[in-house]
Each structure stands twice: as structure tokens, then as C-alpha cells.
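Just below is one structure, and these are the notes that go with it.
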Amino acid sequence: MAGLLDQLTQPQRDAVTHVDGPLLILAGPGSGKTRVVTHRIAHLLEQGIPAWQIAALTFTNKAAEEMGHRVNALAPGAKVWMGTFHRFCAQLLRRHAALVGLAENYSIYDTSDSKQAMKHAIAAAGVSLTHASPEKIASSISRSKNRLVTPEMLQGQSLGPVEAIAAKVYPVYQQHLLTANAVDFDDLLFHVANLLRYNPELRSDLDAKFRYILVDEYQDTNLAQYAIVRALSIDHPNLAVTGDPDQSIYGWRGADIKNILDFEKDYPSVTTVRLEQNYRSTPNILRVADQLIRHNRRRKQKNLFTDNPEGQPVVLRIFESGFDEADGIADDIVNAIARGDATANDFAIFCRINAMTRSLEHALRNRGVPYQIINGVEFYQRKEIKDLLAYLHLINNPCHDVALARVINTPTRGIGAKSIEHLRSFAELNRIPMLEAARRASEIRELAKRSATMIAKFVSLYDRLATKATAPLEEILRFLVTESGYATYLENSANDQDENSPLANVDELITAAVEFDRRHPDDGSLDAFLEQVALVSDTDAFEESSERVTMMTLHASKGLEFPRVFLIGVEDDMLPHARSKEDESQVEEERRLLFVGITRAKEFLQLSCCKRRSIRGDFRPVIPSPFLNELPLQEIERIETKVARDWFNEDFDQSYPDSWDLPEIDVEQSTAPLSVAIEPDEFNQDVPSVELTDDSTDTGGTSSVQEKGKKRLISALGSLKTASDLLTETPTPLTAYREGAQVRHQQYGEGTIVSVTGRGPKRTATIRFDDGDHNFRLAFAKLELVQ
DNA sequence: TGGAGCACTCTTTTT
DNA sequence: GAGTGCTCCA
């Protein structure tokens, strides 16, 4: 224990030894923040503070887990509460559910459950969708909850058009959740914040219980989280928050950077510690990050510095196309691994949007490089998993309408959409859960005899399943899979035995259940398992140790570090993203996003952009990111891969003006120490061979052998094939569809374009056919020009 | 009731 | 380009 303060710098020590009163730790990237936080917890324990008085709140399970490991190493066995905000709230709410009108076995709706509920609420509220999409309504309601605005508070307010519609749906949606004994993610925070606000006694009890609260990534808290933390730190204001305003990247989800910027105003007696020394990156990388972030106005000035050796310059690489970018990076990785300079898990590739990983994925797969992608659509989103979880949810909470609607006819039991709607309206009319309505199916007059029988059968299935509610999870699941007919259903529908087959996924879920049973021999309840499942995310799936290249979005990269980082697509409208350019604060957030990406790199960093990129199906010129001009370009190594111009088809170049050449990027004028132009000779050799294969198909009569040979050759050629395909497949330019033009549509036949509106992918034509006018989005509609 | 075909959407997404 | 969700038809 004596060694707790060894090897800490003075500022780190100040933070660690702080015990009572508010503490703000402004921690730059790579400044040993987690180390400080964990040592501080150990120090608190050393001071004799009971573990149960300490709670450490994080945003991700991953961060909580990491913290848990490290605290355990310093103070083995200490039962400090560590976990995410949402889990913290879920557990509090479990205990005090009645205060907000819920039962303690309430369910947590995931995003798709909420979406379903939202759909019904919108229908029930009877609002028109012409001026607001369901997503817009949902995010408006979510924003309200994050700002602790109740449906009542919106009454009589003057609102924008979308907000006004959302205000009508909001109470209906909340009523649905209440009837279903369910909450959505936002509610976990919202309910707890209100619980604390309206129950002063409970608040002061909890304030006394959680005497020492630590919040990680405080710059990402929203108002609800702020209110919760605040409410728990009134009598015992021992609140320690860590964060970095420069890494606030969740403003779009309601995070308010003001929470950290104003912390010193909220708690005037605060002790502020700045951790500015960086232990992660080379000075080269750090200077680039620092120069960039200095362009933000809303921030707290920090002086980032490091004692690390200089390292190699940051690289800015300019590629002709996204395909070249993918190939170039994949080649670099292969070569570095082949030389023995690095292993696959040294590398990370970051991008702004998930879709951008695709070309990299191809390139790496072609070269046999193992990789992992950290992204959204994962295990718990799979249909079969959602189905089985819905059964579990319904067993645990008979009021879970979304779950009922999902499973009542899965596998098919002859209960169609019509019957389900009858159940729903009967349930709504009587303000009862749908399962209850199903029990009273005989009372529903609209229901056909046959349907009523089928529903009765389902209810009896449900009752059989429900008898297992308290059994070990494995038993529940196995019983459920056979009893519901789901096993047979799966065996009949899909029989491919690859690792992602539905059956394999079901096995994996059972494995997870077994594991859960093992870990929770006593307290393992269905409730707890479902809570666990609802609150894990796919980002948690990141495996640090595995020998793979990691690809992820910039958002997902926060908190991680890698020896070698490639940051792709540093282009205008991508970073900053086209949708984040409305105001300066959004652009600042995008700049922070780039800052986060840059500061993940330990030794090597390459930023790249392309001159052209295939975006949503069409190959378009691209402008470099304005952020590039904010970097210290004189110390950045610029590499541009030159490609023979005539390789690009002339027509193609004309229909897509080369905007790259228009705004001359400052890089040109800067005194770049190194400006290497690479002339890849493979290009000139490979292009004809692609043409050869194309010719062979044109000469008709392709046997399957030829076809296979062609495929193999094409795949061997990698990106060249794709790029050349794009050139030959360039569609009729959208500008050719003008008013008055004659077109042919597969279904409607020939027609005349009456009018054209919108731009880019939104360009829409109204076309008059024999049977009337129809609107088509030109980029997607299957239209032919009639000459 | 399920599948095909079509229109339309596509930023990020800790939980 | 790919995924989703809706509509219409067999």
C-alpha cells in the first residue's frame, strides 16, 4: 500500500490524495487518467472509507470493466460499485420502481423495441407524418427526456413543427411504456433523476449512501445524468469528475459540454487538477493534435506535452480513390507484418462512418489479414436472438407488449397481423396488456373462431413456459427452444452450417446463459440476465489481445490506443460530416472527433483522403477536409500516389468535374520536407488484363469454366476490377433526365417527364404515364431514356 | 401468409 | 450498394 503514490507525477498525486470535496480532473488524452482514478479509489479505501460508500460511474461497460480490473489489482476484493450510468440507474429503479409507477420486474426496451412502441404510439396519437418522420419524433422525445422535460411540461409551449408533433406522441408513448411495465434507455436516467427530484428523503438517503462518487468522461454527460450526480452530491459533495472537454463527441446525443466547462461554477470549492503530460504518443503526433484542437473556441486551454521520443512524422496520404486507399493501407499493413516490424493487432483503422469500413474489409480479406470490425449490427440484433429474448422478456414481464407481438406468431401459428391488431385494440380499449387480451380472446367479437383457438393455444404455451420462470437460465432457454417449436422452425428454414447460422447463434445464446448461471449461482434471475443483455453493447466486443487489425468509427475509438493508426476519409462532408456543418458548435465537435482519433496513436499516424470516392453507389469527386489546413503541415510528410490520367475514362471525367483541383489545398504551398510521388507500375500492366477479361465476355458464349477463370482473375486483381467496373457501369448522368424527356419504366411503360426537382440523390422526377403521374428518385428508379 | 419487387433511406449510436 | 420496410399478388 505504501507504494500507491510511487511513480506518480505531482498533479497525479494531487488528484489521488484528494479525499473530501468536489474534484475536477481535466485529463488530456493519454495522461494516465484511469491510473489516477483507480489509484484514487484505492487511496480512499486506504483511508478507511467503506467500499460501499464509493460509486464509480462510466459510460461504457468496457471502461467499467477496465476500471474494475485495475482497482482489484490495487485493492483486491473491495466491493466498490462500478458500472455504467444506465446500469446504476437500472438497479436503483429496480428497488424503487413503484415510485414511478412501475413494477420491479420492469423490462428495458432496446432501440428496436422502442421503435416498435413508437410506431404504435404514433398511430394511436393520430398525428400526420407528412412533416415529421418517426425517427425525428423519436429523437425529439429522446431529447426531451434527456433534458428532463415531461409530456406535461410541453403543454402550452410554443414549439417547432417536429416538436409539436412529438409533444402529441410523447404522452401516448409513455403511457404505452407504463402499461407494458417497461422503460427505454432514456427512461432509466429520466426516471431516476425524477425519483431523486421528487423524493427528498430517498435522495438524502442515497446521497448519504454513495458518499464518494466518481464520474468518468464527464464531458459526455447530459442534463439527466448531471441532475442525478448533482442530487447525490448535495449533503456530501465528494464528487470527483474526470474528463476532457476536447474529447466531447456525443453532443448529438444530448451530452452537454457545458457540464464540464461550468463544473467550477457549480462547485465553487472545487479542486482542479490538470493532467497534461501525455504518456501515449510521440511529440509528432501530439503536436498535430494540439494544433488542430487550438482551432476550437469553446474549450479549456491545455498544454499537452510528452517526454516520449520524437518518433516519425505524421503522414498525410492522398489517394486517387477509396479503392486505392483501401489497397494502399492494406499493403502497408501486410508489408509491415511481413518485415516483422509489427503484428496485426498493432494496427487500427478509424473512419467517420461505419459504411467506410467496407472497402478496407475487402482489401484486408484479399490479403488474408485477420481483422475485427467494431460496429453496431451485432449478435443481439439478430432475428433469432431477438425472438428468443422476446420470449424470455414475456416470461419475465407478461405486460411486455412488444415482446408479445414479436413471438405470438413466431414460429407461425396461424395468428396473423389482423388478429394481432384486434388484440391490440382490445388491450388498448381496456387498458390491459396484450397477453391479458389474449387470455380474453373469446370476448373479442371481431376475432374469428379459428384465430381465437390459435390464440388460446399460444396462451397455454405461454403458461407452460412461465412455470420455468425461476429455473436456471439454461433450463428456461432449452425448454423454450423445444416447447415453442422454435428449434424445428429453425431447422426447417435455414440449414447452412457456417458460424453465423441462426442455429449457431442460438447455441451461442445458450452458452451465454450457461455462463450467466455459472457466474450468478445465487442471484441469477431472469430479470438480471435480461438487464445485463439490454445494457451491453457491441462495442464491448472489442478484443484487445486478439491478433487482428481493428476497424471502427472514430466514436468507438475513444478510450483506446494503438501503436499504428490509419485515419481514413479525412474529406470534406465526411469529416466534418455534411450533416454536421450547420453551425460552428457542430463543426467544433467534428474537430474534436478528429482530435480523439489522432490522439489514439502511439507511434505512427497516417491521415488519408482521396480525390474520388464511391459514395452511396456513385463515384464522386471529393474535397479534402478543411481540418487538414489546420494541421502543422510543414512537419507532416505528404505522400501522393499519382495515377496516369488517361486511365480514367474521358466521359467520366467530364460528367464529374474534378473539384479537387479547384480549392488548392495549402499543402501545396507548405514547405513539406518530403513529398514523394509514387508511380505504381502495376497499374499499367494490370489494366489491359482487365480489359481482356471484359472482352472475353463480350465475345459471347462464356462457359462456366471461363466464368470461373474470370472470377478468379478478377478477384486476384482486387480493387482494379472494382474501379474498372465502375467506369464501365457509369449510369446515364442524372442531368440527362430533363423536363420533356421520354422515359421507359418496367412497370408503367413509356412516359414523359413533367418536372424535375431536388438535387443529387434526392433528385426527383414527376413522370406522366398513361395511368397518371408518378414520382421517382432518379438515382434509384429503374428508368431508361427513350431516344 | 409469404415472397417478390419496388421505393426509399443511409452520421455518429457509450446505453 | 445494401438494407429495410411496404405493397401487392399468388
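Below, read A as the first sequence line, B as the second, and so on, with proteins coming before strands; counting in each chain starts at 1.
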Tell me what [X] touches on the nucleic acid: a base, only sugar-phosphate, or nothing, going by heavy atoms under 4.0 Å.
X: A:N222; value: nothing
X: A:D220; value: base
X: A:T412; value: sugar-phosphate
X: A:F85; value: nothing

| query | Quick one: on DNA chain B, does A:L593 or A:G414 contact a more 5' nucleotide (nearest heavy atom)? | reply |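 That would be A:G414.
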| task | Between A:I415 and A:Q586, just flag the one whose closest nucleotide in DNA chain B comes earlier from the 5' side. | result |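 The answer here is A:I415.
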Which whole-number value in Å describes the distance from [X] [atom1] to [N] [atom2]?
X: A:Y109; N: B:dT13; atom1: OH; atom2: C1'; value: 21 Å
X: A:R413; N: B:dT1; atom1: CZ; atom2: C1'; value: 15 Å
X: A:I373; N: C:dA2; atom1: CD1; atom2: C1'; value: 14 Å
X: A:M552; N: B:dT11; atom1: CE; atom2: C1'; value: 17 Å
X: A:H555; N: B:dT11; atom1: NE2; atom2: C1'; value: 8 Å
X: A:K115; N: B:dT13; atom1: NZ; atom2: P; value: 16 Å
X: A:K581; N: B:dT12; atom1: NZ; atom2: P; value: 17 Å
X: A:R579; N: B:dT9; atom1: CZ; atom2: P; value: 11 Å

| request: Indicate syn or anti for B:dT12, taking the glycosidic torsion and treating anything within 90° of 0 as syn. | output: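 Here B:dT12 takes the anti form, which means its glycosidic angle is more than 90° from 0.
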Which nucleotide in the list [options] gets nearest to the side chain of [X]?
X: A:W252; options: B:dT11, B:dG2, B:dT12; value: B:dT12
X: A:R358; options: C:dA2, B:dT11, B:dT13; value: C:dA2
X: A:I353; options: C:dC6, B:dG2, B:dT11; value: B:dT11
X: A:T553; options: B:dT12, C:dG5, B:dT11; value: B:dT12
X: A:E590; options: B:dT11, B:dT13, C:dG5; value: B:dT11

Under 3.5 Å, side chain of [X] to main-chain N/O of [Y], donor-acceptor pair present?
X: A:T599; Y: A:V596; result: yes
X: A:D573; Y: A:H577; result: no
X: A:N397; Y: A:H393; result: no

| field | Residues forming a salt bridge (charged side-chain N to carboxylate O under 4.0 Å, His left out) with A:R94, sequence neighbours excluded | value |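 Salt bridge (charged side-chain N to carboxylate O under 4.0 Å, His left out) list for A:R94, sorted by chain: A:D527, A:E531.
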| said: Once salt bridge (charged side-chain N to carboxylate O under 4.0 Å, His left out) is applied, do any residues pair with A:R87, and if so which ones, sequence neighbours excluded? | reply: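 A:R87: no salt bridge (charged side-chain N to carboxylate O under 4.0 Å, His left out) contacts found.
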| message | Please tell me if A:N354 has a side-chain N or O lying less than 4.0 Å from either OP1 or OP2 of B:dC10. | response |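 False: A:N354 side-chain N/O out of range (4.0 Å or more) of B:dC10 OP1/OP2.
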| said: Would you say A:K136 places a side-chain N or O within less than 4.0 Å of OP1 or OP2 belonging to B:dT9? | reply: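 False: A:K136 side-chain N/O out of range (4.0 Å or more) of B:dT9 OP1/OP2.
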| query | Would you say the side chain of A:R352 and the base of B:dT11 hold a donor-acceptor pair, judged only by whether the two atoms sit under 3.5 Å apart? | reply |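 For A:R352, whose side chain was compared with the base of B:dT11, there is no donor-acceptor pair (under 3.5 Å).
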| said: Under 4.0 Å between a side-chain nitrogen and a carboxylate oxygen: does that hold for A:K418 and A:E446? | reply: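 A salt bridge is absent here (no side-chain N lies under 4.0 Å from a carboxylate O).
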| Aro-ring/base stack A:H577-B:dT11, d under 5.5 Å, angle under 30° |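 Check passed, A:H577 stacks on base of B:dT11.
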